Structure formats: C-alpha cells, structure tokens
Amino acid sequence: MLGALGGGVLAAGGVHAADNWPSRPVRIVVPYPPGGSSDIIARSISQPLSEALGQPVIVDNKPGANGNLGADFVAKSKPDGYTLLLCDVGALAISPSVYTRLPFDPSKDLRGVTMLAYSPHLLVVHPSVQANNLKELIALSKKSEINFAVTATGSAPHLAGVALERASGARWQYVPYKGGVQAVQDTVAGQTQILMNGMLATLPHVQSGKLKVLGVSKATRMPLIGEVPTIAEQGVAGFESGTWQGVRVARGTPDAIVQRLNKELITVIRTADIRSRLAGQGAEVVTMAPAEEEQFFGKERARWAKVVADAGIKLD
C-alpha cells in the first residue's frame, strides 16, 4: 500500500513539474568545441527557442572524449527538461562500439527528442594535393604518404574515412585531433592533406579556396555545390555518411516535456530564416518524432558497429 501511495505521489509530482515547465533557463549542452556543426545549429536556434519557451536558452560547450564528456553530463543530469544534448547523433551511436568503457549507455541513459539537420561529409584536400577527383586521390595515396586529419578517433568522419579507404583501396595515415575545428585548421595550413568533415563547418573553407573539394558523401548531389560529384558516383557504390544533428535528454524526462520540446524545436528549425541559412551552408533540415529518432539511433548503432569491428578500432 505504501509503495503504491509513494508511486502516486511521484507520478503527480512529475505531472506537476511538466505542467510548470519551463520555469527557469534551459541549457543546450554541445559536447564539442565552438565552431563545429552542432555548435552552429545550437546558436542558430537558441534565441528563437528562448522566445518560444519564454525562458533564456543557454548554449554550453562541454568538449572532450569525442563528445562523450558532454553526453555523460546530460545523461546524469536531472531528467527535468532543463538540460538538453545537441550533438551528432550518429557519432553518439558509434561510441559504444569504439570505447571499451563508457560511463553511460547512450541508449539506456538518454532518450531522443528530435533530429534537426543533416550535413553530408565533404571529402576535401589541401590545394597543393595533386588530385582533382577520388580516382586521382586513390592513385596518389598508393605512391605518396597522405595524412588524413581525423576530427576525433572513432568519430563519424573518422569511420567514414576508414570505410572509404577500405571500399576504394586507398591508403592514408590517420592523424587524430580533439575536434573538427582543429582538424580543419591543420588541413587548411597543409599540415595534413586530406579530411572528411561535415559540410556545414567545412564549406566556408572550400568557398574561400583554402580547401579543395573532391566529393560529397550523399546519395545525390548537393544543389549548393552541384558541380561536385558524390563519392558513390566516383566508383564507391552506395557510399553515404554525414553528421546528423539532433537533441537528446536524460532518460526519465517526462513525456509531456519531450513532446513540447519536440514541437518547439521542429517549429524553430523549420522557420524560413533558419532553414534558408542552414541550406546556404550545406545542411538540410531533417526532423523526427521522438520514437523515430530512437529508431534512427538504433540503426546507426548497428550500422557503425560493423565498421568498427572490421577496422579493429578500440579505445579505453
């Protein structure tokens, strides 16, 4: 009887908390350094989301451990809807396969709210690299040492590079970094020669002539750079990868809050201004219901687990 009564009190408290939500500032945790795809999107939506919720929305960068430091922070936060994780959901799905030990379980400790945007990876090289397409790059990699800048070991761009190398017969050496911004900067400087990274954060360097684009990792060409062929078109059938920015919260967050967040986030990301701004940078608005985001996460986890196992990538 006592247990039933206690459960009723907790349930009522949860409903009451959801009814009053939000009554204070909401924090968006971006588990990467400033300047990357997730950070760009978080800062694009923070003000309109604040207006929709009637509370300040603060962007908080918590980089480290390939995004797992910030993800762990959100996973262990109070499940009350005041701490959101905005990250590359695909990269988060990779972590359980790459890391032998994680302080949290992305599937059990976090729940999906919505996807926000998709940005394909661009295959880019330093302008000095004597290759203008994938075929020439593969040939060059077999006779010269090429350093491939990895945004983080075990990250989605890293595994995309591994998958491309294996499928195409290319050969390159991986140089790990602690984030996409530094990896891009070193490739721009010529310290590394090749990079795969989200289009949203990489395209400006292509447009400025600091990087040369050889391919896009999407099933079809991107209208913004319609002259650039897909990697699939260049001989690697079915190749597709990219960054999927989405929002997750701590498991246990009330359904009413998750549904409200889903509604407001989708409304904000679909506004003409934000949609146009992101499209102009190479990102497509892609939204999902919470259940759809959960299904996507499960499929990505299974998909990349095979790539990780085949490549023998493991981190402590």
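If you read the sequence from its start, that first residue is 1, and numbering goes on from there. Excluded from the calculations below are hydrogen atoms, water molecules and symmetry mates; all remaining heavy atoms, backbone and side chain alike, are included. Since the model is a prediction, treat every value here as computed from it, not as a measurement.
- Not a single side-chain hydrogen bond (donor to acceptor under 3.5 Å, both in side chains) links Lys62 to another residue, sequence neighbours left out.
- Take His121 and apply the side-chain hydrogen bond (donor to acceptor under 3.5 Å, both in side chains) test, not counting sequence neighbours, and it matches Ser241.
- A ring pair (Phe, Tyr, Trp, His ring centres under 6.0 Å) check over residues 227-281, counting only residues at least two apart or in different chains, returns the pairs Tyr118-Trp244, Trp244-Phe296.
- The number of heavy-atom neighbours closer than 6.0 Å to NZ of Lys210, taken from other residues, nucleotides and ligands shown, is 12 or below.
- For the residue pair Arg111/Thr253, the side-chain donor-acceptor check at 3.5 Å is not satisfied.
- Between Pro290 and Val113, the closest side-chain pair of non-hydrogen atoms is not below 4.5 Å.
- Looking at Leu85, Leu92, Val74, Asn61 one by one, the single match for side chain to side chain contact (heavy atoms under 4.5 Å, CB included) with Pro31 turns out to be Leu85.
- Remark: of the listed residues Asp88, Thr202, Leu200, Leu200 is the sole one forming a side chain to side chain contact (heavy atoms under 4.5 Å, CB included) with Ser37.
- Counting heavy atoms from C-beta on, the side chains of Val89 and Glu293 come closer than 4.5 Å.
- No donor-acceptor distance shorter than 3.5 angstrom exists from the side chain of Glu233 to the backbone of Pro229, with no hydrogens or angles considered.
- In this structure, the side chain of Thr192 does not engage the main chain of Ile194 through any donor-acceptor pair within 3.5 Å.
- Inspection of the Gln245 and Ser38 side chains reveals an N or O donor paired with an N or O acceptor under 3.5 Å.
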